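From a predicted model like this one, the values you see are computed outputs, not experimental measurements.
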Amino acid sequence: MSRLSLDRDFSKMTLRLPLFPPLILAGVIFLAALFTSSFVSASPIQDVLQTQSDVIVKSSRKTIGPAIDAVANSGLPQAQDVLQAWQAKEMWQRKSDGLFFRGEKIDSKTYRLFDFENGSEIGEFAKSDLKQIKPNSGIRALLGIALVQFQLSDPDPQKRLDALTSIERDPNADALFALRASISGETDDEILRQKSRLERLLTISFDDDDAARVSAIAGFKGDLGLDVRATLNPLLETKRIAYPTGETPSQTIANELELGSNDFSKATAYALLVENGFADAKIDVDTIKSALIENIRGGNVADIPVHTLSTDAQRLAAYDSLAATGAVAPRVTDAQFETALENHSFADVYIEPSAAVTSAAKDAIDAIETKVAFNQFLDLTLDGLSLASIYFLAAIGLAITFGVMGVINMAHGEFIMMGAYTGFVVQQIIPNHTVSIIVAIPLAFAVTFAAGVAMERLVIRKLYHRPLETLLATFGISIALQQLAKNIFGTQARPLTSPAWLDGAMVVNDVVSISYIRIAIFVLALIFLGVFLFIMKRTRLGLETRAVTQNRTMASSMGINPDRVNMLTFGLGSGIAGIAGVAIGLFAKVTSELGGDYIVQSFMTVVVGGVGNIWGTLAGAAMIGFLQKGIEWFNPANTLAAQTYMIIFIILFIQIRPRGIVALKGRAAGD
């Protein structure tokens with residue numbers, strides 16, 4: 001009977017209800033309810049759930065697996081909806097007939113039920129008439145694994161990506177088969193690439209066909225992905241075994257062990273024999289003493305008077321006598337110990353049973369390690385280049401003032417700090433980080449240029465040719481500027497936020513990456529190198545500066561005002577330090593001590609490179625940057641030690657080449 005005819009007949013029956021006696025009316029209602037229930041239970045997905053009803057209701061992590069598999073592997077289109085409702089704790093069982101539905105809460109006492117077959121609403125029911133299926137976290141994890149096969153082919157690309165992420169977190173053999181089944185229908189090229197890669201990784205770990213595993217491993221030879229190394233390394237895990245000499249172990253030997261080596265003593269080897277059942281355990285002294293005490297009979301142990309057992313040799317003889325009678329287990333003699341070792345060989349063997357797979361994995365790992373070493377060198381080079389560009393920016397202003405004027409400016413670091421704080425103030429006024437940085441760079445130059453000119457006019461000018469007094473005066477100014485910054489901005493580090501387009505890093509592969517901020521600083525260093533060369537080669541100020549640098553007296557006699565040149569040069573160097581402060585503040589903490597972190601490196605850069613020469617400053621920055629990164633690579637856990645070694649190296653270098661890498665020539669060099 002169809003549902004339509006049933007509904008029609010039922011409606012006719014209800015029209016005549018007043019003519020039926022109450023008993024007949026009750027029977028009709030019962031039959032109608034029975035027919036309706038039978039119709040719902042007739043759905044295939046409901047049949048599957050009813051077959052596993054007891055297991056589902058019990059909700060035990062140990063027994064739920066077959067029930068989940070029955071739903072997931074039913075091949076029914078409703079399976080995914082059932083698993084999702086189950087996982088979300090939205091599946092309910094109606095107590096009256098044991099059928100399962102998806103439920104939605106109406107209020108604290110009433111729920112609306114929906115049929116899994118077609119999603120139609122069944123009706124509203126009291127909570128007391130229902131039983132909620134509440135899977136624990138373990139069961140929800142199993143449901144999540146079962147849902148992956150559906151999510152891998154979901155029309156929503158994001159759900160397919162989420163399914164791949166889920167498999168990566170918890171790889172298993174079932175996921176491999178589901179993944180393979182979804183690849184042929186994948187339409188998105190990027191998702192297809194990820195699926196194919198993950199399928200090959202799972203093939204290596206879970207496929208039963210060794211040839212397929214070897215082929216998948218070969219495809220990853222030289223791949224730098226961390227996921228590849230995480231998959232291949234377990235294949236090369238080993239365990240230590242002992243076996244009779246002359247026999248060949250069933251496992252593939254990774255390394256044969258030699259007795260007496262540092263990491264494999266005779267005691268270790270014999271313990272391995274005992275562990276593998278090839279020898280009896282040696283009986284220790286305490287066990288022997290306890291056995292002798294337990295076997296004292298009438299003042300004797302095995303007819304040997306107790307008072308004679310005063311030496312180890314006597315106690316061993318007594319124990320051997322007991323062993324001869326069967327009272328205790330015989331001990332292992334030194335001769336037996338040596339014989340057991342001579343009759344056995346020892347090796348580390350691969351846990352992976354397939355020799356072809358371990359061989360392919362070893363070849364792939366060797367190729368990967370070679371490529372990793374090269375890329376680590378490349379990454380170290382990029383780090384050194386990045387650090388060199390930072391040191392160059394910090395030192396270029398000092399190179400100008402120190403090289404041209406011969407002034408040891410200990411407050412140079414504080415000009416860097418002033419530039420960073422200028423950037424911070426600008427960002428408080430201009431919330432757009434890109435615009436604020438564009439405004440902060442010239443403003444920092446202007447602020448520190450003015451500060452440098454004021455410092456030269458008020459202090460430095462009165463101390464020319466008095467290097468000790470200049471050093472002390474600028475050191476005092478340095479302390480004063482630090483305290484002024486603390487009074488204005490406090491001691492807490494202030495954020496200088498980079499624009500969003502400078503967030504993150506340029507990732508070449510899983511080994512090589514460099515942040516966009518460091519790339520920007522490198523570009524900025526190149527720009528200022530070009531600007532400095534233009535000023536020195538193409539402008540009147542550059543011509544006068546070079547003249548004063550080479551011969552101050554002759555330049556003065558040619559109408560050049562050395563005091564004006566000194567003032568502008570000092571201001572220029574200070575202004576560039578301010579710009580360096582903005583750049584450094586984008587990745588370093590902005591505090592009053594910011595300049596102190598770079599003043600030592602700046603002086604080393606100038607001195608090592610060659611005083612008064614921009615190319616020398618560039619060479620010095622490169623040398624110090626690469627040297628520091630190289631030392632840190634050998635000793636990454638102790639950066640303070642790395643800096644100490646670097647300073648020692650630079651002191652030795654200056655002893656050999658006191659004028660620096662690129663020394664001035666002519667009369668300026670003599671000065």
Side-chain angles (χ1 to χ4, degrees), residues 1-17 20 25-59 64 67-68 70-136 139-140 142-144 146-147 149-151 153-156 158-159 162:
M1 179 183 293
S2 67
R3 185 170 186 179
L4 180 59
S5 61
L6 176 63
D7 292 342
R8 189 182 301 117
D9 293 341
F10 184 69
S11 64
K12 291 177 182 179
M13 292 168 64
T14 56
L15 291 174
R16 299 189 183 94
L17 282 179
F20 285 94
L25 175 60
V28 170
I29 294 174
F30 173 76
L31 290 173
L34 180 62
F35 290 155
T36 304
S37 175
S38 300
F39 178 78
V40 173
S41 66
S43 85
I45 191 64
Q46 196 68 239
D47 290 340
V48 175
L49 292 172
Q50 290 304 305
T51 303
Q52 304 293 332
S53 177
D54 293 341
V55 178
I56 294 173
V57 173
K58 185 179 179 182
S59 285
I64 201 67
I68 296 176
V71 176
N73 300 327
S74 65
L76 298 173
Q78 298 84 4
Q80 183 177 0
D81 295 334
V82 171
L83 294 173
Q84 288 175 338
W86 192 354
Q87 186 185 45
K89 299 183 180 180
E90 295 177 352
M91 188 161 76
W92 295 75
Q93 185 185 41
R94 192 164 57 188
K95 293 179 180 179
S96 61
D97 52 17
L99 298 180
F100 294 92
F101 304 93
R102 182 177 66 83
E104 286 184 359
K105 184 177 181 181
I106 298 176
D107 54 44
S108 60
K109 296 183 179 180
T110 311
Y111 280 78
R112 181 180 292 110
L113 299 185
F114 297 87
D115 185 11
F116 281 126
E117 179 66 24
N118 50 28
S120 61
E121 182 179 336
I122 301 301
E124 298 179 1
F125 295 84
K127 185 178 181 181
S128 59
D129 297 333
L130 306 172
K131 178 177 178 58
Q132 185 180 15
I133 308 302
K134 296 181 178 180
N136 58 32
I139 295 176
R140 290 199 302 274
L142 293 177
L143 289 167
L147 277 167
Q149 62 179 296
F150 300 101
Q151 295 169 344
S153 301
D154 195 283
D156 186 354
Q158 186 57 49
K159 288 187 178 180
D162 291 342

request  = Check whether any side-chain N or O of Gln78 sits under 3.5 Å from a backbone N or O of Glu117 as a donor-acceptor pair, and report yes or no.
outcome  = yes
request  = Carefully, step by step, assess Leu130 and Leu113 under the rule side chain to side chain contact (heavy atoms under 4.5 Å, CB included).
outcome  = CA-CA 10 Å; Leu130 306 172; Leu113 299 185; 3.7 Å; yes
remark   = d(Leu99 CG, Phe116 CZ) to nearest 0.5 Å is 11.0 Å
task = Say whether, by atom type as modelled, one donor and one acceptor occur between the side chain of Gln52 and the main chain of Ile68 under 3.5 angstrom.
result = no
inquiry  = Side chains of Gln80 and Asp154, heavy atoms from C-beta outward: is any pair under 4.5 Å?
reply    = yes
task = Write down the atom of Leu76, the atom of Pro44, and the distance for their closest heavy-atom approach.
result = CD1-C, 3.7 Å
request  = Can you see which heavy atom on Ala67 is nearest to which on Val55, and at what distance?
outcome  = CB-CG1, 4.0 Å
task = Side-chain contact test, heavy atoms from C-beta onward, threshold under 4.5 Å: evaluate it for Ser59 versus Ile133 and give yes or no.
result = yes
ask   = Within the side chain of Gln46, is there an N or O that forms a donor-acceptor pair under 3.5 Å with the backbone of Phe100?
value = yes
key: Ile106 side, atom CD1; Tyr111 side, atom OH - distance, nearest 0.5 Å   = 10.0 Å
task = Drop me the distance from Trp92's CH2 to Phe125's CZ, to the nearest 0.5 angstrom.
result = 13.0 Å
message = How about NZ on Lys58, more than 12 heavy atoms from neighbouring residues, nucleotides or ligands closer than 6.0 Å, or not?
response = no
ask   = In Å, rounded to the nearest 0.5 Å, how long is the span from CD1 of Ile122 to CZ of Phe114?
value = 9.5 Å
ask   = When rounded to the nearest 0.5 angstrom, what is the spacing between CZ in Arg140 and CD1 in Ile64?
value = 13.0 Å
inquiry  = Test your reading of the model: is there a side-chain donor-acceptor pair from Lys131 to the backbone of Gly98, 3.5 Å cut-off?
reply    = no
Side-chain (Gln87) to main-chain (Pro135) donor-acceptor, under 3.5 angstrom = no
ask   = Less than 4.5 Å apart, any side-chain heavy atom of Ser96 and any of Asp129?
value = no
key: Flag, side chain of Ser153 to backbone of Phe150, donor-acceptor distance under 3.5 Å   = no
Straight-line distance of Arg102 CZ to Asp81 CG, nearest 0.5 Å = 8.0 Å
key: Side-chain donor or acceptor of Ser74 paired with backbone N/O of Val71 under 3.5 Å   = yes
